[in-house]
Amino acid sequence: MLGLTKNVKLSPSILSADFAKLGEEIKKVENVADYIHLDVMDGHFVPNITYGLIIGESLKRVTEIPVDSHLMVERPEIFVDDFCKISEIVSIHYEATYHLNRLVNRIKENETKAFVAINPHTPVEFLQDIIMDVDGILVMSVNPGFGGQSFIPNTLNKIRKLDEMRKSMGLSFEIEVDGGINEDTFKPVLKAGADILVTGSYAFRSENPEAALSVLKKGS
Ligand code: DX5
Ligand code: ZN
């Protein structure tokens with residue numbers, strides 16, 4: 001047992017779902033999901049193309065679970081207003097925009113939670129002058145672009161440092177961790193300070209997604 005004092009939030013990513021049956025796939029996780037994670041990829045910021053607003057709008061028609069949009073795109077400023085309309089959380093990458101503060105403020109003006117995502121090579125210290133303005137930080141624990149990759153162990157140090165920064169600055173932003181989360185990796189991630197876990201392949205490629213997610217939800 002981890003003796004967790006907080007509730008873990010789960011954000012299953014439809015990246016590993018069967019798109020021919022998206023509505024049915026969502027039903028499989030609905031009882032345990034706090035968010036549905038929407039991985040938007042443009043083929044420029046990452047070497048893969050997924051889906052955009054149209055799929056997000058479809059999700060809204062089949063579930064009331066809030067959408068957590070992760071924009072892995074260049075020039076996210078073009079897209080944020082539209083994604084705010086369908087999302088409770090919008091994550092933009094630190095590496096993808098010149099004007100992070102401006103964009104974070106714009107997301108918040110749209111009454112949406114503003115999260116900043118960082119790639120595995122980006123130090124958490126680079127967030128020193130933005131963390132007081134965000135609702136959350138999304139720490140990538142794989143190189144973004146694909147589901148089913150292995151968790152990068154150094155991510156744990158990054159989560160710990162971010163949690164220390166949060167405490168020492170008296171802040172309450174959430175820490176979301178994305179990539180390679182499964183029943184073998186989630187415990188140290190939570191112990192390091194994560195609040196929200198994204199799970200793609202672990203959730204949607206298991207025989208019983210609800211049972212698989214319940215293991216993470218219990219934290220034991
Ligand atoms: C990767 C995406 C992740 C992905 C995680 O670029 O941001 O959200 O779906 O998939 P797993 O859990 O399989 O690593
Ligand atoms: Zn993601």
Side-chain angles (χ1 to χ4, degrees), residues 8-19 22 25-26 28-29 32-53 55-56 59 65-74 76 79-80 83 86-96 113-122 135-156 158-159 174-190 194-207 209-210 212-217:
V8 181
K9 293 184 190 166
L10 299 180
S11 189
S13 166
I14 59 165
L15 186 61
S16 295
D18 181 347
F19 293 106
L22 197 50
E25 293 280 84
I26 299 298
K28 291 181 189 168
V29 299
V32 275
D34 297 279
Y35 297 102
I36 298 295
H37 189 83
L38 187 67
D39 283 307
V40 181
M41 305 185 188
D42 67 349
H44 295 278
F45 183 71
V46 289
N48 195 8
I49 299 174
T50 53
Y51 32 72
L53 195 65
I55 294 290
L59 280 180
I65 309 264
V67 174
D68 164 26
S69 293
H70 177 193
L71 303 187
M72 286 161 276
V73 300
E74 284 184 358
F79 305 102
V80 287
F83 278 94
I86 59 140
S87 310
E88 185 165 306
I89 295 174
V90 169
S91 288
I92 42 158
H93 266 264
Y94 173 90
E95 304 86 1
K113 289 183 182 168
F115 279 42
V116 170
I118 52 169
N119 280 338
H121 71 275
T122 301
D135 296 294
I137 298 293
L138 189 162
V139 179
M140 286 306 302
S141 38
V142 297
N143 286 296
F146 304 94
Q149 303 179 80
S150 299
F151 183 85
I152 298 174
N154 182 51
T155 310
L156 293 175
K158 296 177 72 177
I159 302 166
E174 292 185 291
I175 300 176
E176 179 171 14
V177 180
D178 183 0
I181 300 291
N182 56 41
E183 59 197 343
D184 298 322
T185 56
F186 82 104
K187 287 185 188 177
V189 170
L190 291 179
D195 306 291
I196 307 174
L197 302 178
V198 178
T199 56
S201 49
Y202 173 71
F204 285 104
R205 293 192 193 151
S206 79
E207 261 181 43
E210 183 172 329
L213 287 171
S214 298
V215 172
L216 309 192
K217 192 81 183 173

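Both counts, for ligands and for their atoms, begin at 1 and track the order of listing.
- Scanning all protein heavy atoms for the shortest distance to atom 1 (C) of ligand 1 gives Phe146 O, 3.5 Å.
- Remark: the backbone N or O of Glu74 is paired with a side-chain donor or acceptor of Asp42 at under 3.5 angstrom.
- Side-chain contact between Ser13 and Phe204: absent, with no pair of heavy atoms (C-beta onward) separated by less than 4.5 Å.
- No heavy atom of Arg205 sits closer than 4.0 Å to any atom of ligand 1.
- Side-chain contact check for Lys9 versus Asp195: every heavy-atom pair is 4.5 Å or farther apart.
- Near His37, meaning under 4.0 Å from any of its heavy atoms, are these atoms of ligand 1: 8 (O).
- The shortest distance between side-chain heavy atoms of Ile152 and Asn143 falls below 4.5 Å.
- Taking every non-hydrogen atom of Val198 and a distance limit under 4.0 Å, the qualifying atoms of ligand 1 come out as 8 (O).
- From Ile92, atom CD1 reaches atom OH of Tyr94 across 12.0 Å, with rounding to the nearest 0.5 Å.
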>> Using the rule given for side-chain contact (heavy atoms from CB on, under 4.5 Å), can you reason through Phe151 versus Val189, listing the C-alpha separation, both sets of side-chain angles and the distance that settles it, and then say yes or no?
In response: CA-CA 10 Å; Phe151 183 85; Val189 170; 3.6 Å; yes

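- Residue contacts with ligand 1 leave out Phe151, since none of its heavy atoms falls under 4.0 Å from the ligand.
- The two atoms that bring Lys158 and Pro120 nearest to each other are NZ-O, 3.0 Å, heavy atoms only.
- Taking only nitrogen or oxygen atoms, main chain and side chain alike, Asp178 reaches within less than 3.5 Å of ligand 1.
- Shortest distance from the Zn ion (ligand 2) to Asp178 is reached at OD2 (N/O/S atoms only).
- Residue Gly200 has at least one N or O atom closer than 3.5 Å to an N or O atom of ligand 1.
- Of the protein's non-hydrogen atoms, the one nearest atom 10 (O) of ligand 1 is Gly147 CA, 3.6 Å.
- Every atom of ligand 1 is numbered from 1 in the order shown, and the set under 4.0 Å from a heavy atom of Leu15 is 4 (C), 9 (O).
- Those atoms of ligand 1 with a heavy atom of His70 less than 4.0 angstrom away are 7 (O).
- Less than 4.0 angstrom separates some heavy atom of Met72 from each of these atoms of ligand 1: 6 (O), 7 (O).
- Of all protein heavy atoms, the one lying nearest to atom 2 (C) of ligand 1 is Asp39 OD1, 3.4 Å.
- Below 4.0 Å from some heavy atom of Ser201 lie the following atoms of ligand 1, by number and element: 11 (P), 12 (O), 13 (O).
- Interface of Gly148 with ligand 1, defined as ligand atoms under 4.0 Å from a residue heavy atom, comprises 11 (P), 13 (O), 14 (O).
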> Is there a side-chain contact (heavy atoms from CB on, under 4.5 Å) between Ile55 and Thr50 once you walk through the steps?
Replying inline: CA-CA 10 Å; Ile55 294 290; Thr50 53; over 6 Å; no

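- If you run side chain to side chain contact (heavy atoms under 4.5 Å, CB included) between Tyr202 and each of Val215, Ile181, Leu197, Asp184, only Val215 comes through.
- Annotation: Ile181 places no N or O atom under 3.5 Å from an N or O atom of ligand 1; distance criterion only.
- Remark: ligand 1 and Gly180 share an N or O pair separated by less than 3.5 Å (distance only, no angle test).
- Ligand 1 has no N or O atom lying under 3.5 Å from any N or O atom of Asn143, backbone or side chain.
- With a 4.0 Å heavy-atom cut-off, ligand 1 is reached by no atom of Tyr202.
- Here is the list of ligand 1 atoms found below 4.0 Å of a heavy atom in Thr199: 12 (O).
- Remark: of the listed residues Asn154, Leu156, Thr155, Ile159, Thr155 is the sole one forming a side chain to side chain contact (heavy atoms under 4.5 Å, CB included) with Ser141.
- Under a 3.5 Å cut-off, the side chain of Ser91 and the backbone N or O of His70 do not form any donor-acceptor pair.
- Distance from atom 6 (O) of ligand 1 to its nearest protein heavy atom, with residue and atom name: Gly145 N, 2.8 Å.
- Phe45 and His93 have tilted rings, their planes meeting at an angle from 30° to 60° on a 0 to 90° scale.
- With the Zn ion (ligand 2) as vertex, Asp39 OD1 and His70 ND1 subtend 90°, rounded to 10°.
- Taking CG of Asp18 as the reference point, atom NZ of Lys28 lies at 7.5 Å (rounded to 0.5 Å).
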